[in-house]
Amino acid sequence: MKKLMLQAAKFTYFAGCFWYLFTIPAQAYIDPSAVTYIIQAVAGVLIALGAALTIFRHKIFAFFKKSKKDKNAEGNAIEFKDVDD
């Protein structure tokens with residue numbers, strides 16, 4: 001138990017030092033409309049990627065289904081010849 005408490009104290013100390021040394025106080029303001037714009041841009045990119053992946057997934061599945069049907073159809077195919085009258 002003592003060892004666990006010592007590890008927790010070390011982690012807290014080093015995390016606090018890291019936070020203090022590597023953070024810079026900024027006197028800045030982010031407008032809520034800017035954040036909304038960023039959220040909309042990220043959502044648009046994610047939706048576009050999802051749509052693209054869905055389209056390619058359907059094309060890949062259709063390709064493999066077509067090749068299966070072609071293999072099955074070759075053995076059971078009946079050919080009709082055109083007869084000129």
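Atoms considered below: every heavy atom in the structure, side chains included; atoms not considered: hydrogens, waters and symmetry mates.
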Nearest 0.5 Å please: distance from the NZ atom of Lys65 over to the NE2 atom of His58. 9.5 Å
Could you tell me the separation between the CZ atom of Phe11 and the CZ atom of Phe18, rounded to the nearest 0.5 Å? 10.5 Å
Pick out which of Tyr20, Trp19, Tyr13 makes a side-chain contact (heavy atoms from CB on, under 4.5 Å) with Cys17. Tyr13
Could you list who else is in Tyr29's hydrophobic cluster, with ILVMFWY side chains joined at under 4.5 Å, directly or through other members? none
Under the 4.5 Å side-chain heavy-atom rule for ILVMFWY, direct or indirect, which residues accompany Leu49? Val45
Those residues at least two apart in sequence (or on a different chain) that pass side-chain hydrogen bond (donor to acceptor under 3.5 Å, both in side chains) with Thr12 are none
When you look at Ile55 and Lys59, which way does the side chain to side chain contact (heavy atoms under 4.5 Å, CB included) test go after all the steps? CA-CA 6 Å; Ile55 290 169; Lys59 286 186 178 184; 4.0 Å; yes
